[in-house]
Structures are given as structure tokens and as C-alpha cells.
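Taking it in order: structure first as C-alpha cells, then the write-up.
Side chains are part of it too, since the values below use all heavy atoms of this structure and drop only hydrogens, waters and symmetry mates.
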Amino acid sequence: MKTHIPIEDGDYYLTPEGYRCFTEQYHLKRGYCCQSGCRHCPYGFDKKTNTQKK
């Protein structure tokens with residue numbers, strides 16, 4: 001079961017288009033890769049090749 005991670009300062013920023021972009025800090029707190037191709041993924045997932053570098 002996935003747990004709720006509270007949002008804190010530095011966990012995301014707003015892009016010029018108005019979207020929330022989660023930072024590496026948030027991804028590390030979450031503790032796993034969601035395999036969505038996140039911009040700041042610390043787990044090295046590449047959505048184009050569907051592989052994870054580690």
C-alpha cells in the first residue's frame with residue numbers, strides 16, 4: 001500500500017505553464033520510482049527505453 005507523503009517546501013515548483021514539477025528531494029522522500037519519466041527522477045528511469053539505470 002502506498003503511503004501519503006506530506007508536501008513540504010522544496011518538494012515541487014511551478015513550471016511556466018502552471019504545472020507542478022516534483023523535485024529530486026520529493027522523489028527520494030517517496031522512496032520508489034513511479035516510471036512516469038519524471039524530469040527530476042533520481043532513480044534514472046528513461047521513459048523512451050523503459051529502463052532504469054542504477
For residues Glu17 and Thr15, is any side-chain donor paired with an opposing acceptor at under 3.5 Å?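 Per modelled atom types, Glu17 and Thr15 side chains form a pair under 3.5 Å.
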Close side-chain approach of His40 to Cys38, heavy-atom, < 4.5 Å: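 The answer is no; the side chains never approach within 4.5 Å.
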Could you report the tightest heavy-atom contact between [X] and [Y], atom names first, then the distance?
{"X": "Tyr26", "Y": "Ile7", "answer": "CE1-CD1, 3.9 Å"}
{"X": "Arg20", "Y": "Tyr12", "answer": "CG-CD1, 2.9 Å"}
{"X": "Gly37", "Y": "Lys47", "answer": "CA-CB, 4.0 Å"}

For the ring pair His27 and Phe45, is the centre-to-centre distance below 6.0 Å?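 No, they do not, as the ring centres are separated by 6.0 Å or more.
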Test the Arg30-Tyr32 pair against the cation-pi criterion, namely NZ or CZ under 6.0 angstrom from the six-membered ring centroid and within 45° of the ring axis.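 Arg30 over Tyr32 ring: yes.
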What's the separation between atom CG in Asp46 and atom CD in Gln35, rounded to the nearest 0.5 Å?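 Answer for the CG-CD pair, Asp46 versus Gln35, is 11.5 Å.
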Nearest 0.5 Å please: distance from the NZ atom of Lys29 over to the CZ atom of Phe22.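 Answer rounded to 0.5 Å: 10.0 Å.
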Common cluster, Ile5/Leu28, ILVMFWY with side-chain heavy-atom separation under 4.5 Å: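 No, Ile5 and Leu28 fall in different hydrophobic clusters.
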